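First up is the structure itself, then whatever we jot down about it.
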There are 2 protein chains.
Amino acid sequence: MKIVTISREFGSGGRELGKRLAQELGWAYYDREIVTAIAENSSFAEDYVERVMEKGVHAGYPITVRRTLSAIPALQQNNLRVLVEQQKVIKSLAQRGENCVIVGRGADVLLREYEPLNLFVYASLESKLSRCRARAQAGEDLTDRVLERKIRQVDNSRAKYRQLLTGSPWGQKESYHLCVNTSGHDVKGLTSWMAGYVNYWFGGTQE
Amino acid sequence: MKIVTISREFGSGGRELGKRLAQELGWAYYDREIVTAIAENSSFAEDYVERVMEKGVHAGYPITVRRTLSAIPALQQNNLRVLVEQQKVIKSLAQRGENCVIVGRGADVLLREYEPLNLFVYASLESKLSRCRARAQAGEDLTDRVLERKIRQVDNSRAKYRQLLTGSPWGQKESYHLCVNTSGHDVKGLTSWMAGYVNYWFGGTQE
C-alpha cells in the first residue's frame with residue numbers, strides 16, 4: 001500500500017493539490033469521509049467536528065493534557081475527543097489497505113508505520129492571500145487583514161495539533177520528503193509533475 | 001535565459017544533482033570555471049580560492065565587515081576578496097545569457113534580478129554521512145564523528161556567507177521554490193523528474 005500525506009499552509013493550495021493528485025494517480029482521497037466517520041463515532045454534529053478540525057483544541061490548551069484530563073473544561077474535553085476520534089479514523093482508513101492521499105490531520109505522523117511519502121505545500125503570504133480571495137464566497141468579509149489573521153490562526157492550530165501529536169514543530173522541511181512552494185503557480189499545472197514524483201518515489205526508494 | 005540555482009547541505013548530493021540536471025537539460029553547468037576565473041582575476045592560487053569557497057570567511061568574522069574593513073586581519077581580507085571576486089564572476093557568468101545551473105555560492109541571491117528557479121537539497125544526517133563515506137578517498141580519516149563535524153562546519157560557513165550577502169538565514173524553505181530531501185534516494189534517479197519540474201516551472205510560471 002502506498003500513502004501520500006500532504007501537510008500545508010492555509011491558502012497554499014495543498015488541499016486542491018491532494019485532490020487532483022489522487023485523481024491523477026487513481027488513488028483514494030480521504031477528506032469529507034473523515035469528518036463523517038468522526039461524527040458518527042462520536043455522535044457530534046458534522047459541523048462541530050469540522051470546526052474542531054479546523055480550529056483544533058482551544059488556543060490556550062495545555063500540552064500536558066493527557067495527564068490533567070479532569071481539569072479541562074467540558075468544551076475542550078469535547079474538542080479533544082474529536083481529535084482522538086480523528087486519529088482512530090485515520091488509522092482505520094489506512095487499514096483498508098488502498099493506495100491513498102490524505103491531506104493534513106497529522107496523517108504523516110499517525111501513519112508513520114506505513115512509511116508514507118510526506119509532502120509539505122507552502123506559499124508566500126501574498127500568494128496565499130490571493131488564493132484565499134479567489135476562493136472566498138460572495139459577501140464574505142475579505143480585507144487582507146482579516147484573511148491574514150485567518151491564515152495565521154489556522155496554521156497556528158495545525159502547528160499546535162502537531163506539537164500535541166509529536167512534540168516536534170510543524171512545517172520544518174526536515175520532517176518532509178519534499179516541500180513545494182506554490183507561489184505564483186497554478187496547482188493544476190503542478191499535479192502531473194507531482195504524480196511523476198510519487199511514482200518515482202515509490203518505485204525508486206532505496207533503504 | 002533560464003537559471004536554476006541549487007543550494008544544498010553538505011553531503012546531500014546537491015552538487016551531483018546539479019551536474020546531472022544540467023546534462024539532462026542540455027544547459028551550461030558552472031562549477032570549476034568559477035574557481036578558475038576567481039583565481040585569474042584575483043591572482044590567488046586555485047587551491048586557496050577553493051579552500052575559501054568551501055570554508056568561507058573566518059568563523060569569527062564580524063557581519064559588519066563592510067564598515068570596518070581596516071580592522072580585518074590580512075588573511076580575512078584576502079578571504080573576503082575571494083568572496084567579492086566570486087560575486088563578480090557569478091554575475092558575469094549570468095551575463096553570458098546561457099541557460100544554466102549554478103550550485104551554491106549564493107547564486108540564488110546574487111542573480112535575483114534574473115528570477116532564477118531556486119532549489120534546496122537536504123538530507124538526514126545519517127544519509128549525509130553515508131554519502132560522504134561513499135565519496136571519500138582511500139586513506140581518509142572517516143569516523144562518523146569527523147564527518148559529522150565536517151558537515152556541520154561546511155554548512156555553517158554556507159549559512160554565514162548567506163547571512164553576509166542577504167542578512168537572511170540559509171536553508172529556510174521560504175527562500176526556495178522547492179526543497180528536496182534526498183535521504184535514502186539515488187540522486188541519479190531524481191534527475192529526470194527534476195528536469196521535468198524545471199521545464200514545468202519555466203513553462204508555467206504565472207505572475
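Quick note: numbers below take in every heavy atom, side chains included, and nothing from hydrogens, waters or symmetry partners. Lettering of chains follows the sequences in order, A, B, ..., and the numbering in each one begins at 1. What you see is a predicted model; the values in this text were computed from it and never measured.
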Enclosure of [X] [atom1] (heavy-atom neighbours >12, cutoff 6.0 Å):
X	atom1	answer
A:R96	CZ	yes
A:R149	CZ	no
A:E46	CD	yes

Which distance, rounded to the nearest 0.5 Å, do you find between the [atom1] of [X] and the [atom2] of [Y]?
X	Y	atom1	atom2	answer
B:E174	A:S183	CD	OG	9.5 Å
A:K173	B:E9	NZ	CD	5.5 Å
A:N181	B:L178	CG	CG	8.5 Å
A:Y176	B:C179	OH	SG	12.5 Å

query = Side chain, backbone, both or neither: which part of B:Y122 has an atom under 4.5 Å from a heavy atom of chain A?
reply =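 Just the side chain, heavy atoms under 4.5 Å.
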inquiry  = For B:W193 and A:W201, I'd like to know if the aromatic rings sit close, meaning centre-to-centre distance below 6.0 Å.
reply    =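 No, the ring centres sit 6.0 Å or more apart.
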task = Using the six-membered ring wherever Trp is involved, compare the ring planes of B:H185 and A:Y200 and label them parallel, tilted or perpendicular (cut-offs 30° and 60°).
result = tilted
task = Between chain B and each of A:Q172, A:M194, A:H177, count heavy-atom pairs under 4.5 Å; write down the option with the most.
result =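 Of the candidates given, the most pairs with chain B belong to A:H177.
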